[in-house]
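Data first, discussion second: the structure below is written as C-alpha cells.
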Amino acid sequence: MLRARHLVGSSHAPEWPVEPSPTDARTSARWTTGNKDGVGTTPGAKSRVWFTLARGVVTEVFYPAVDSPNIRRLSVIVVAGDRIFIDGTSHQYAVRSLRRWAPGYEVTSVVPFDGLQLQKTIITDTGRAVLLQRTRLLGGDSIPRSARLFVVLEPHLDNSGDANDAWAGEYKGTHALLARGARTALAVLCSRPLAMGTSAFVGADDAVADIRAHGELTCRRGSAVRGNVQLAAEVILDDARELVLALGFGASADHAAQQARASLHGTFEAARRRYVSGWRRNRVHAGQLANDHSRRVDRVFEASVVAIRAHRDKESTGAVIASMAIPWGDAHGHHRAGGYHLVWPRDLVESAGALLSVGRDAEARRTLLYLMSTQEADGGWPQNMWLDGTASSRGVQLDEVSLPILLARMLQRHG
C-alpha cells in the first residue's frame with residue numbers, strides 16, 4: 001500500500017538546495033528518437049495525458065492535448081559501488097504490453113552487474129493528469145544493500161525545451177521536482193522520500209554527468225531558469241526495492257503537484273486495474289474478421305485499433321494525430337516542434353476509414369465533423385495542422401484535400 005505516511009520528507013535527508021544553477025554551460029534542446037517502443041493513454045476523457053516509450057524509457061508525455069508534448073525523457077539511474085546503470089542506454093531490455101488491447105507497459109532492463117534487473121510498469125491515472133511509473137529492483141539476494149537509485153527528468157514544456165524553469169521544491173512538506181513553461185507546469189513526486197535534489201542545465205556538467213563521474217549528486221542547485229533544464233533527485237530506498245513515481249501536470253506547479261500527490265494516495269495495483277478495465281470496456285474484438293484468420297492476425301488487428309484510438313484527442317472530438325513522434329527527433333530542436341504530432345488530413349481520413357471498417361461509425365462521423373470545422377475558406381485543408389486547425393505546413397497536397405471529400409462519400413455509402 002502507498003499510504004500518506006510515505007509521502008513526507010525523510011528525517012535524515014539533507015535540505016533541498018537553494019542556490020541557482022549557473023547559466024554558462026548549457027546546450028540547445030533536442031527532442032528524442034522517433035523509433036518508439038509503445039504509446040499509451042487512458043481511453044477516458046478525464047485524464048488528458050498521453051505518453052511514448054523509446055529505448056525502454058518514458059519519452060514525450062503529452063498534456064493537455066495530444067499535439068502538446070511536455071518532456072523529453074524520464075529515466076532512472078542505479079548505482080552500486082563504482083558501477084552505474086543509466087536507464088535507456090542499454091540494448092538489453094524487453095517491453096511487454098499489459099494486454100494487447102490495453103497500451104500500458106512492463107519494461108524489464110538487465111542491469112549489467114550482480115544479476116540485477118530493473119522493472120517498470122507504466123500507465124496513466126484514469127481520473128487525473130498524471131503518469132504513473134512503478135519501478136522495482138529485482139534480483140533477490142544479488143541486490144547490494146548499498147544500491148542507490150536516482151530519478152532524472154528533462155522537461156520540454158509547451159512543446160519547447162529552450163525556455164523552461166525548473167526547481168527542487170516542496171508541496172505541502174513533500175519534496176518534489178517542479179518545472180513550468182509558458183502555460184503548463186509539471187511535478188514529480190514519489191512514494192518514497194526524495195533527497196539530494198538538483199536542477200541543472202542540460203550540458204557537459206548536468207546531473208547525469210555528475211552521477212557518471214561521482215556515483216552521486218555532488219553539485220546540487222535549487223533552480224535553473226529560462227533554458228534547456230534537467231531535474232534529478234535520489235530516492236531514499238532504505239530496505240525497500242519498489243517505488244512509484246507520479247508525474248503530474250497542471251496550469252501551475254501546485255496544481256501539478258496536487259494531482260501527483262492525489263494519485264500516490266491510492267495503490268498502484270488499483271490504478272493499473274482501472275487502466276486495464278477502461279480499455280477492456282472499449283475493446284474492439286477481432287471477431288469481425290473472416291473466420292479463417294490466425295491468432296497472429298487477431299493480435300495485429302487489436303493492436304492496430306488500439307494504436308489508432310490512442311492517438312485521438314480528448315477535447316477536439318474526431319481529431320487523430322499522425323504519430324506521437326518527431327522523426328529523427330534527437331537531431332531536431334524546438335524549431336521542428338510539430339513533427340508528426342499534428343493532424344494530417346490524409347492520415348486522419350485513413351484512420352477514420354479503419355474505424356468505419358470495424359463498425360465504429362460514430363467515431364468516423366465525428367472525424368468528418370472535425371474536418372468540416374477546420375476546412376479553409378477556399379474549401380481545402382492545409383498539408384498538416386494543429387488541433388485547433390492552425391496550419392503548420394502551408395503546402396497544398398492533393399491527397400490532403402481530396403481524402404476528406406472521399407470520407408464524406410464513404411460515410412454516405414454507409415448510410
Side-chain angles (χ1 to χ4, degrees), residues 29-32 34 36 39-41 45 47-52 59-72 129 155-164 180-186 249-251 307-329 332-352 355 363-405 407:
R30 292 289 182 267
W31 288 101
T32 187
K36 302 302 181 185
V39 299
T41 186
S47 176
R48 292 194 292 169
V49 173
W50 298 254
F51 67 91
T52 67
T59 47
E60 298 95 338
V61 179
F62 297 75
Y63 166 88
V66 74
D67 64 349
S68 302
N70 290 285
I71 77 166
R72 181 175 186 265
H156 275 214
L157 288 156
D158 299 317
N159 209 10
S160 174
D162 282 329
N164 290 191
R180 65 180 168 228
R183 301 179 304 277
T184 306
L186 63 77
F249 295 90
I308 292 172
R309 303 182 90 197
H311 283 78
R312 296 179 303 177
D313 192 62
K314 300 179 183 183
E315 181 181 25
S316 298
T317 306
V320 183
I321 62 167
S323 172
M324 284 184 244
I326 296 177
W328 304 283
H332 295 302
H334 67 274
H335 61 285
R336 292 289 297 271
Y340 279 158
H341 53 262
L342 297 162
V343 175
W344 298 63
R346 171 196 61 223
D347 301 70
L348 176 57
V349 170
E350 290 172 346
S351 296
L355 293 172
E363 294 181 45
R365 285 199 301 273
R366 287 194 287 268
T367 291
L368 180 63
L369 291 174
Y370 170 78
L371 285 164
M372 291 167 65
S373 74
T374 56
Q375 189 173 20
E376 300 288 343
D378 63 4
W381 285 266
Q383 178 183 352
N384 49 56
M385 57 188 173
W386 300 97
L387 289 168
D388 64 3
T390 302
S392 176
S393 298
R394 296 188 175 275
V396 177
Q397 294 185 334
L398 180 60
D399 53 353
E400 309 289 355
V401 176
S402 62
L403 262 68
I405 299 168
L407 175 62

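One-based numbering along the sequence shown.
- In this structure, the separation between CZ on Arg365 and CG on Leu407 is 11.5 Å, given to the nearest 0.5 Å.
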- Item | Residue pair Trp386, Asn159: steps toward the side-chain contact (heavy atoms from CB on, under 4.5 Å) verdict | CA-CA 12 Å; Trp386 300 97; Asn159 209 10; 3.3 Å; yes

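- Expressed to the nearest 0.5 Å, how far OG of Ser402 lies from CZ of Arg346 amounts to 10.0 Å.
- For the salt bridge (charged side-chain N to carboxylate O under 4.0 Å, His left out) test, no residue two or more places apart in sequence or in another chain qualifies with Asp388.
- Under the 3.5 Å distance criterion, the side-chain polar atoms of Trp50 are left unmatched by any main-chain donor or acceptor of Asp313.
- Under a 3.5 Å cut-off, the side chain of Ser392 and the backbone N or O of Met385 do not form any donor-acceptor pair.
- Contact check for Leu186 versus Pro155: side-chain heavy atoms found under the 4.5 Å cut-off.
- A pairwise comparison of heavy atoms in Ser351 and Val320 identifies OG-CG1, 4.2 Å as the closest pair.
- Between the side chain of Thr59 and the main chain of Arg72, no donor-acceptor pair closer than 3.5 Å is present.
- Across Val39 and Ala310, no two heavy atoms sit closer than the pair CG2-CB, 4.3 Å.
- Contact of the Val61 side chain with the Asn70 side chain is not registered, since no non-hydrogen atoms from C-beta on lie closer than 4.5 Å.
- Residues Pro382 and Glu400 are not in side-chain contact: their nearest non-hydrogen atoms beyond the backbone lie 4.5 Å or more apart.
- The shortest non-hydrogen separation linking Thr367 to Gly318 is OG1-O, 3.0 Å.
- Under the 30°/60° scheme for interplanar angles, the aromatic rings of His341 and Phe62 are found to stand perpendicular.
- Side-chain atoms of Val66 and Met324, non-hydrogen and from C-beta on, do get closer than 4.5 Å to each other.
- Closest approach of Thr41 and Lys314 over heavy atoms only: OG1-NZ, 2.8 Å.
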- Query: Can you check side-chain contact (heavy atoms from CB on, under 4.5 Å) on Leu371 and Val349, steps first, answer last?
  - Reply: CA-CA 9 Å; Leu371 285 164; Val349 170; 3.9 Å; yes

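- With sequence neighbours excluded, no residue satisfies side chain to side chain donor-acceptor pair (under 3.5 Å) with Ser68.
- Put simply, CG on Asp399 and CH2 on Trp344 are 9.5 Å apart, with the number rounded to the nearest 0.5 Å.
- Shown here for Pro404 and Val401, the closest heavy-atom pair between the two residues is CD-O, 3.4 Å.
- Within the 4.5 Å cutoff, the side chain of Phe249 has no heavy atoms near those of the Pro64 side chain.
- Of the possible donor and acceptor atoms, one in the side chain of Asp158 sits under 3.5 Å from a partner among the backbone N and O of Ala182.
- Proximity of Val343 to Trp381: side-chain heavy atoms (C-beta onward) are nowhere separated by under 4.5 Å.
- Proximity of a side-chain donor or acceptor of Asp347 to a complementary backbone N or O of Ala322 within less than 3.5 Å is not detected.
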- Message: Checking His156 against Ile71 for the side-chain contact (heavy atoms from CB on, under 4.5 Å) test, could you report, in this order, the C-alpha distance in whole Å, the side-chain angles of both residues, the deciding distance, and whether it holds?
- Response: CA-CA 4 Å; His156 275 214; Ile71 77 166; 5.6 Å; no

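- Look at Glu60 and Lys36 and you find a salt bridge, because one of the NZ, NE, NH1 or NH2 atoms lies within 4.0 Å of a carboxylate O, short of that distance.
- Within the model, atoms CG of Leu387 and CD1 of Ile321 stand 7.5 Å from one another, a figure rounded to the nearest 0.5 Å.
- In terms of heavy atoms, Tyr63 sits closest to Ala129 at CE1-CB, 3.6 Å.
- To the nearest 0.5 angstrom, Glu363 atom CD is 14.5 Å from Leu368 atom CG.
- One distance of note links CD1 of Ile405 with CD of Gln375; it measures 7.5 Å at 0.5 Å rounding.
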